[in-house]
S.K.: 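Encoded as structure tokens, here's the structure I'll be asking about.
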Amino acid sequence: SLPDRYDPAEIEVRWQQRWDAEPELYRAEPVHSGKPKYYVLEMLPYPSGQLHMGHVRNYAIGDALARYMWMQGYNVLHPMGWDAFGLPAENAALKNQTPPREWTLQNIAHMRRQMERLGLSYDWQTEIATCLPDYYRWTQWFFLRMLERGLAFRKQSKVNWCPLCATVLANEQVIDGCCWRHEDTVVEQRDLEQWFLRTTQYAQELLDGLDKLPDWPEKVRTMQRNWIGRSEGATIEFVLDPAAQESETAHDRGKLSLPPPADFVIGAPIAADATRIPIFTTRVDTIFGATSLQLAPQHPLVKQFAQADERLAAEVASLVEEQKKAREAGDPGAVDKHGSFTGHYAVNPFSGERVPIWVANYILLEYGTGAVMSVPAHDERDFEFAEKHGLEVRIVILPRRTLDPAASGQPDEPVLPYTEEDSLLINSGEYNGLGCQEAQHKLAAFAKEHGFGQPTITFRLKDWGVSRQRYWGAPIPVLYCPKDGIVPVPDDQLPVLLPEQIEITQQDGSPLSRVPGFVNATCPRCGGPARRETDTMDTFVDSSWYFYRYPDAHNPSAPFSREKIDYWFPIDQYIGGVEHAILHLIYSRFWTRVMRDLGLVGNDEPATRLFTQGMVIRNGAKMSKSKGNVVSPDDMIARYGADATRMYALFAAPPDRDLDWQEDGVAGVSRFLGRVYRLGMRYRESVRSHAEQPSAAPTSPLAQALLRKLHQTISKITQDFAGRWHFNTSIAAVMELVNEITAAESGLAEMPAEVSARLMGTIVPSLILLLAPFAPYLAAELWSETGGTGALLRRPWPSFDPDLAREEELEIPVQVNGKLRAVVRLLPDAGNEAMQRAALAEPRVQAAIAGKQVVKIVVVPNKLINIVVK
RNA sequence: GCGAAAGUGGCGGAAUUGGCAGACGCACCAGACUUAGGAUCUGGCGGGGAAACCCGUGGGGGUUCAAGUCCCCCCUUUCGCACCA
């Protein structure tokens, strides 16, 4: 008696035990295997304690791909690990008195079990956890290499501080002015001395590299381009004119420029004691239209002016406050632009004109030089500001056609602000008549030649602040010696171990600073007492290189061997959420280049292909505890099995789109798997008895139809893997195949037993193989029940036979004036005349054209016939 | 404000190149079988209409023998960027 009930819990647990006992099942072959390699990687999770549906979806995609690539004969590396440092472990320690390490390792153990229960094909032998000394030893080692090369450095600067995290954050971790972990918590600015990694050194290369990543989503590349924020322009030094302020009374306060000083000569050397005010502009071609300078409220010169001017000091303070508020509100662009005249003037080095110096709330100290020349006629922000304060608006560029002598009539005034670069200069001295671009080059070159400026490229990307005043992270491996200053920990003293016994409190400052046994150390240079660095590294440092460790996860003497990296890298397919488009994905691109320049790897980029899957949502919203719409993977697995859960995650939507989790849909997939199970079991003996026999031939119309459907399905799924990854349609295709087989069963029963057995002995094993990437448990069970041996993963993917897949007859739609009237069945390549004849013979077509004149008959071979009448 | 993606039955979605709109699944309806189940099997299922037939892919125009698909205008949603000088 055959079991007629599909019991995923029983099947899956039984197979899980078998797979647990075969750890080599998913192990990649050695570098010299001679097979083509395929490195498929899903982003490593933070061990929060529970997998969520987003993880399940991510891993279901990667696992299907890994299994498919094994079946295609590749040597596949498919590893998993844990991004295991981080603040939640400390919070958990505060809450329930569990040490962070213990809490983290427990979570890892639990989540690993969940992954195994899902049947994911990871090679656990290569597992890494970034919080273990074996791993962070090498994180520290890399830090020291960067320190040697000046890529890691310490500097005092304004940094982002999250009061909830009680630590500094990198710029990348601040989203709309708030902490990336605490979306409602506004980040404060603190002036601290911190460790940085010099990401800006690779800014240009990180930007250029994006053009060489055609298989990364355009969206991610755009986000990175925006983040790097390159802009090309010039730095020009205006010079403060100390004499000009006396004549200020003759004018409206700061609204007009003063004529050049009597002794002004363009390009004359600037006096050594002059105060230079560098500004950055991308539109130096409009410099003759500059009618003021605008300084950031925090600009050092503003501070200097304010010291002697109480009223100005008060105004500046309020501007600073407005900037802060706008940033907190998350909409800095919406703020009303305004400012104050400082009472001072600066000389425009190209015209000698003395322009009033203002301080304005829309100028950012962090960008460029914190000062701009204001050209109201040709910049939207400057225009808005000038309108507000009644500053002069002077047009210095005009559209080409306006100045074209061939154009008739009077030149139109352009609508201001006018910013088109395809324009010509006017009111600009000897530069009149030049195009904007040409003028930009000439002006910048002149400034450089005469020592008051140069062409300049600025980046929005800043160096990466990596110091964290937290316990649960990789210690920064340096010492502070009163005699020798900053001293790196020697390589042979790595790792700098995190102390295990530590009290976690909510006090400010690094918890490590309160551990004397950690802080007090010996200087390796002079042997005297030294203080250990007590900050730890940002966890994004740990995850910037983790995928290089997998191929050589247990190497005791190096982070990895070059030979293994050369074989496995770059990663062939990286899969994860789009939320890391800036953070992890830009840091790891930086890290790869650093390692390349250290001679450790040969590749420029970590991954050739990147796939960002959509979110899992429910009832139209992202799953979250506060919305109460969270679905637990454990629940789904308990009710429907891992196969059904994973397969639904692939079936409900294409993987790049958001997926609406509907439990009824999981039940539907589970029902389908039950149908497959019973189908396989019904033909178990047929398959067994035909294991060694040649494949069935299309000896009858029914056999032919089934074999045709089988091969069409093979083709469809193979194409989905190679192309768009629309696994929802792959699974739909398998469902169609199963439906067709089921519908054919009464016909099969009428065949001679030997013939139907051979037919099903051919079809069922292929069906199992097609299902294997999506439902590995059921596939393994059926494979084994039907007499198959060995790991399904290493069986070749079914081969496609186009002759068997070809349709014998085509259904050709017949339209009259574009409307469907009939369908005719014809042999392929029937010829236009035959197609027309068949179409016109249809009674419904006859009825539709009766009494009308046939104007034209459009015949698309093998596709369609359209009869045009009037 | 700028940029990108999307908008198709009651729902998730399919239609890779302009060529039968709605594959596959869910929900629902009807039936079969039953040791009555969250079971299985069969059939139906965009709207209107008795039917012929008509209408239908966010809205409006256009190109074409033929438009979900191409072009123009508009609306909505999501995402990214947003004083970056």
Side-chain angles (χ1 to χ4, degrees), chain A residues 4-6 176 217-220 222-223 225-227 229-231 233 279-284 286 294 323 326-327 330-335 337 360-364 366-375 379-382 384-385 458-460 578 581-582 614-615 620 639-640 648 651-654 656-672 674-675 678 719-720 723-724 726 728-736 738-739 742-743 811-823 844 847-848 855-860 862-869:
Chain A
D4 59 355
R5 209 184 161 90
Y6 169 55
D176 292 336
E218 189 53 49
K219 180 181 178 175
V220 171
T222 303
M223 286 169 75
R225 269 190 210 103
N226 288 340
W227 187 257
R230 180 186 197 273
S231 63
I279 59 103
F280 173 72
T281 177
T282 55
R283 293 302 301 271
V284 69
T286 63
Q294 304 290 345
Q323 274 195 349
R327 186 169 300 162
D331 192 8
V335 172
K337 292 176 188 40
N361 64 350
Y362 72 100
I363 307 301
L364 307 173
E366 318 82 77
Y367 188 76
T369 60
V372 307
M373 65 176 195
S374 180
V375 185
D379 182 282
E380 297 201 13
R381 295 147 305 180
D382 296 343
E384 190 184 330
F385 188 90
T458 61
F459 290 94
R460 202 176 82 123
V578 74
I582 302 291
M615 277 190 307
R639 281 182 214 190
Y640 305 103
Y648 177 75
F651 176 63
D656 51 332
R657 293 246 291 259
D658 284 353
L659 182 157
D660 191 45
W661 195 270
Q662 297 185 358
E663 192 171 329
D664 286 338
V666 191
V669 171
S670 177
R671 276 199 288 274
F672 165 72
R675 284 202 295 280
R678 289 185 296 275
Q719 280 178 40
D720 278 335
R724 300 190 303 163
H726 280 196
N728 53 332
T729 61
S730 305
I731 293 166
V734 182
M735 288 173 169
E736 283 188 53
V738 170
N739 290 347
T742 309
E811 292 188 345
I812 307 290
V814 183
Q815 301 177 334
V816 177
N817 283 352
K819 289 192 175 141
L820 183 70
R821 294 301 172 193
V823 174
R844 289 186 59 212
V855 177
K856 168 159 122 174
I857 301 181
V858 180
V859 178
V860 184
N862 295 336
K863 268 266 166 70
L864 166 142
I865 301 152
N866 189 13
I867 301 163
V868 186
V869 296

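Nothing here was measured: the structure is a model prediction, and the numbers come from that model. Reminder, nothing fancy here: chain letters follow the sequence lines and each chain counts from 1.
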S.K.: Considering just the side-chain nitrogens and oxygens of A:Arg724, establish if one lies under 4.0 Å of OP1 or OP2 belonging to B:rA15.
M.R.: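 Checking A:Arg724 against B:rA15: at least one side-chain N or O falls below 4.0 Å of OP1 or OP2.
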
S.K.: Name the residue closer to the 5' end of RNA chain B, choosing between A:Arg657 and A:Asn361 according to the nucleotide with the nearest heavy atom.
M.R.: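 Nearest nucleotide further toward 5': that of A:Arg657.
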
S.K.: Of the nucleotides B:rU42, B:rG12, B:rA14, which has the atom closest to the A:Thr729 side chain?
M.R.: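 Between B:rU42, B:rG12, B:rA14, the one nearest the side chain of A:Thr729 would be B:rA14.
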
S.K.: Does a side-chain N or O from A:Lys863 land closer than 4.0 Å to OP1 or OP2 of B:rG18, or not?
M.R.: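 Checking B:rG18 against A:Lys863, no side-chain N or O comes under 4.0 Å of OP1 or OP2.
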
S.K.: Please verify the inter-ring angle class for A:Tyr648 with A:Trp661; under 30° counts as parallel, over 60° as perpendicular, anything in between as tilted.
M.R.: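 Because their plane-to-plane angle is over 60°, the rings of A:Tyr648 and A:Trp661 count as perpendicular.
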
S.K.: Look at the side chain of A:Tyr640 and the base of B:rG38, then say whether one donor and one acceptor between them are separated by less than 3.5 Å.
M.R.: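 Indeed, a donor on one side and an acceptor on the other fall under 3.5 Å apart.
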
S.K.: Regarding A:Ile279, tell me which of base, sugar-phosphate or nothing describes its non-hydrogen contacts under 4.0 Å with the strands shown.
M.R.: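 No contact.
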
S.K.: Could you check which of B:rC20, B:rC83, B:rC24 has an atom nearest any side-chain atom of A:Met735?
M.R.: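 Nucleotide nearest to A:Met735's side chain: B:rC24.
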
S.K.: Could you please name the option among B:rC11, B:rG13, B:rA85 that lies closest to any side-chain atom of A:Pro654?
M.R.: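 Among the listed nucleotides, the one closest to the side chain of A:Pro654 is B:rG13.
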
S.K.: Check whether any side-chain nitrogen or oxygen of A:Arg671 sits under 4.0 Å from OP1 or OP2 of B:rG37, and answer yes or no.
M.R.: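 For B:rG37, neither OP1 nor OP2 has a side-chain N or O of A:Arg671 closer than 4.0 Å.
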
S.K.: Quick one: is A:Asn862 getting a side-chain N or O under 4.0 Å of the B:rG19 phosphate, OP1 or OP2?
M.R.: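 Indeed not, no polar side-chain atom of A:Asn862 lies that close.
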
S.K.: Let me spell it out: for each of A:Asn728 and A:Lys219, pick the nucleotide of RNA chain B with the closest heavy atom. Which residue's pick is nearer the 5' end?
M.R.: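 Closer to the 5' end of RNA chain B: A:Asn728.
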
S.K.: Enumerate all atom pairs, one protein N or O and one N or O from nucleotides 65-68 of chain B, separated by less than 3.5 Å.
M.R.:
from: B:rC65; atom 1: O2'; to: A:Asn866; atom 2: ND2; distance (Å): 3.0
from: B:rC65; atom 1: O2; to: A:Asn866; atom 2: ND2; distance (Å): 2.7

S.K.: Take A:Glu366 and A:Arg460 through the test salt bridge (charged side-chain N to carboxylate O under 4.0 Å, His left out) and record every step on the way to the result.
M.R.: CA-CA 9 Å; A:Glu366 318 82 77; A:Arg460 202 176 82 123; over 6 Å; no

S.K.: Starting from the C-alpha separation in whole Å, work towards a yes-or-no answer on side chain to side chain donor-acceptor pair (under 3.5 Å) for A:Thr282 and A:Ser231.
M.R.: CA-CA 7 Å; A:Thr282 55; A:Ser231 63; over 6 Å; no

S.K.: Under 3.5 Å, is there a donor-acceptor pair between the side chain of A:Asn866 and the main chain of A:Val858?
M.R.: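 No, because the side chain of A:Asn866 does not come within donor-acceptor range (under 3.5 Å) of the backbone of A:Val858.
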
S.K.: Under 4.0 Å, heavy atoms only, any strand: does A:Gly668 hit a base, just the sugar-phosphate, or nothing?
M.R.: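 Sugar-phosphate contact only.
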
S.K.: The side chain of A:Val823 is closest to which nucleotide in this list: B:rG12, B:rC20, B:rU16?
M.R.: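 So the nucleotide nearest the side chain must be B:rC20.
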
S.K.: Using modelled atom types only, decide if a donor and an acceptor are shared between the side chain of A:Arg844 and the backbone of A:Arg821 within a distance under 3.5 Å.
M.R.: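 Checked: pair present.
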
S.K.: Anything under 3.5 Å between a donor and an acceptor, one on a side chain of residues 662-670 of chain A, the other on a protein residue two or more places apart or in another chain? List them.
M.R.:
from: A:Gln662; atom 1: NE2; to: A:Asp660; atom 2: OD2; distance (Å): 3.1
from: A:Glu663; atom 1: OE2; to: A:Arg639; atom 2: NH1; distance (Å): 2.8
from: A:Glu663; atom 1: OE2; to: A:Tyr640; atom 2: OH; distance (Å): 3.0

S.K.: Any chance you could encode RNA chain B as dot-bracket? Rule is Watson-Crick or G-U wobble with both distances under 3.5 Å; [ ] for pairs crossing earlier ones, | for another strand.
M.R.: (((((((..(((......[....))).(((((.(..)..))))).(((....)))..(((((..]....))))))))))))....

S.K.: Does A:Glu366 reach a base, just sugar-phosphate, or nothing at all? Heavy atoms under 4.0 Å.
M.R.: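 Here A:Glu366 touches no strand at all.
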
